[in-house]
Amino acid sequence: MNILVLNCGSSSLKFQIIETDLNLIDQNADKQYAKGVIERIGSESLIALQATGKHPFKHAAPLRDHRAALDYILRWIVSSESGIDAIRSLGDIHAVGHRVVHGAEKFTRSVVIDDEVIDGIEDCIDLAPLHNPANLKGIYAARELFGPGIPQAAVFDTSFHSTMPETSYLYAIPYQLYRRHKIRRYGFHGTSHRYVAYRYRQLTGKQREETNILTVHLGNGCSVCAVRNGNSVDTSMGLTPLEGLVMGTRSGDLDPSILEYLMHKEGMSITEVDAVLNKQSGLLGLSGLTNDMRDLLDEEREHQDRRARLAIEVFCLRVKKYLGAYLAELGGADAIVFTGGIGENSSLIRKRVTEGLEFLGIEIDEKQNNAMTGGTEGEISSKGSRIRVFVIPTNEELLIARDTLRCVKNAPRRW
Ligand code: ADP
């Protein structure tokens with residue numbers, strides 16, 4: 001089955017076309033036919049599309065909304081210009097899979113989209129006011145352009161974490177607030193944590209129930225997940241993606257009293273404070289330079305920039321604290337898996353995060369660690385390390401494509 005995977009942001013649309021089938025899932029023989037992104041939807045949009053193995057196509061054009069952007073992509077896909085032999089007409093796309101950010105307590109797994117599901121995603125808008133409306137725009141656009149004959153599925157960032165126990169997801173605030181407003185930890189990046197946990201099982205030959213690991217997603221957004229018997233039992237992001245680790249522009253954990261203090265001291269509104277914590281904090285806020293880890297590492301190395309170094313150190317220390325906390329929570333783990341742009345590419349960050357953890361049984365093999373960059377997958381711990389350490393590139397699109405296939409065929413979930 002050829003699946004169109006869509007990931008819609010407020011003014012962007014990312015896509016991939018992936019061929020997958022139930023027997024292909026076992027063989028890992030899925031094929032990616034094309035990928036691309038359209039940014040700045042609503043004004044002069046930037047378009048970058050690429051068929052696998054072909055030259056990228058870059059263009060700018062005014063695209064009014066997500067429907068216009070998807071229409072543009074679909075026309076390109078079926079045109080001879082794209083050179084995708086497997087897709088000659090829209091009929092060659094058999095299903096559409098959507099990334100949906102928030103499924104709250106309602107969606108604990110991926111589902112085929114019908115009117116009731118759309119209502120459910122709308123009900124979650126309060127919890128993700130920026131993301132869910134954008135995801136819905138993609139769903140409406142695909143419905144309109146493909147018609148009712150092509151099934152669509154929703155895959156939620158939150159659903160992998162639906163197995164967390166109350167003790168992990170409740171905040172210590174009056175319980176009625178949870179009852180009344182569903183204020184609790186939901187966690188995000190679930191598709192990524194789930195995918196790398198599955199790949200870990202494939203690499204090690206473990207069963208789902210034997211999967212006791214920490215998965216560490218370090219990208220622009222960052223989160224750690226504690227996986228027991230294959231299920232998420234705790235994760236560092238909370239009601240929103242602001243909690244937990246230091247991120248590109250998000251603060252992660254802080255004393256909530258800072259909000260009122262800032263409003264008072266800087267004469268800010270709560271909306272302005274929220275923007276500071278989400279958009280001007282993290283690596284960017286600490287360094288005063290950039291949210292980009294690669295650039296910060298360059299600054300530190302080439303110019304010994306003090307604030308770049310400080311930002312990196314605070315970032316690494318926070319990850320380390322979570323590793324310790326979650327290892328305590330799980331009573332030890334078999335492995336730690338790094339993923340995300342930073343986790344996959346930066347041997348230096350992996351080294352700094354795990355340094356000094358030998359007492360927990362974590363030892364990195366320097367050569368192996370240095371070799372793992374640019375999309376390579378494998379083990380980086382030394383032979384004697386009690387807890388194994390892996391680098392596994394994430395592939396959320398592939399998981400969305402496979403979940404979509406499974407939903408559409410009503411097949412059982414195997415990971
Ligand atoms: P997103 O969360 O937006 O998907 P990514 O997972 O692509 O982002 O991660 C982006 C981050 O990964 C950026 O901070 C970038 O600098 C960092 N990164 C990418 N390659 C490297 C590298 N070789 N060394 C250090 N950081 C890297």
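Numbering starts at 1 and runs along the sequence shown. One-based numbering, in listed order, for ligands and for the atoms of each.
- Nearest protein heavy-atom contact of atom 6 (O) of ligand 1 is G341 N, 2.8 Å.
- Counting non-hydrogen atoms of other residues, nucleotides and ligands closer than 6.0 Å to CD of E44 gives a total above 12.
- Atoms of ligand 1 found under 4.0 Å from any heavy atom of G221, numbered from 1 in the order shown, are 2 (O).
- Nearest protein heavy-atom neighbour of atom 2 (O) of ligand 1: N220 N, 2.9 Å.
- Close contacts of ligand 1 with L297, meaning ligand atoms under 4.0 Å from a residue heavy atom, involve 25 (C).
- Every N/O-N/O distance between L218 and ligand 1 stays at or above 3.5 Å.
- Taking 4.0 Å as the cut-off between side-chain N and carboxylate O, R194 and D403 count as a salt-bridged pair.
- Counting protein heavy atoms under 4.0 angstrom from atom 8 (O) of ligand 1 gives one or more.
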Derivation of the salt bridge (Lys or Arg N to Asp or Glu O under 4.0 Å) call for D71 and R64
CA-CA 11 Å; D71 188 44; R64 198 168 15 113; over 6 Å; no

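- Under a cutoff of 6.0 Å and an axis angle of 45°, R184 and Y169 form a cation-pi pair.
- For ligand 1, the atoms closer than 4.0 angstrom to any heavy atom of S346 are 24 (N), 25 (C).
- Contact check on K106 versus E122 returns no salt bridge, with no Lys/Arg side-chain nitrogen under 4.0 Å from an Asp/Glu carboxylate oxygen.
- Dense packing is recorded around CZ of R67, with more than 12 heavy atoms of other residues, nucleotides or ligands lying under 6.0 Å away.
- The nearest heavy-atom contact from the protein to atom 14 (O) of ligand 1 is M293 N, 3.0 Å.
- Distance from atom 26 (N) of ligand 1 to its nearest protein heavy atom, with residue and atom name: R294 N, 3.6 Å.
- Among all protein heavy atoms, the one lying closest to atom 17 (C) of ligand 1 is I342 CG1, 3.5 Å.
- Annotation for ligand 1: atoms under 4.0 Å from non-hydrogen atoms of N345 are 19 (C), 20 (N), 21 (C), 22 (C), 23 (N).
- Partner of E313 under the salt bridge (charged side-chain N to carboxylate O under 4.0 Å, His left out) criterion, chosen from R307, R318, R352: R352.
- Annotation: atom 16 (O) of ligand 1 to nearest protein heavy atom, D292 OD1, 2.5 Å.
- Without hydrogens or angle criteria, N7 side chain to L13 main chain gives no donor-acceptor distance under 3.5 Å.
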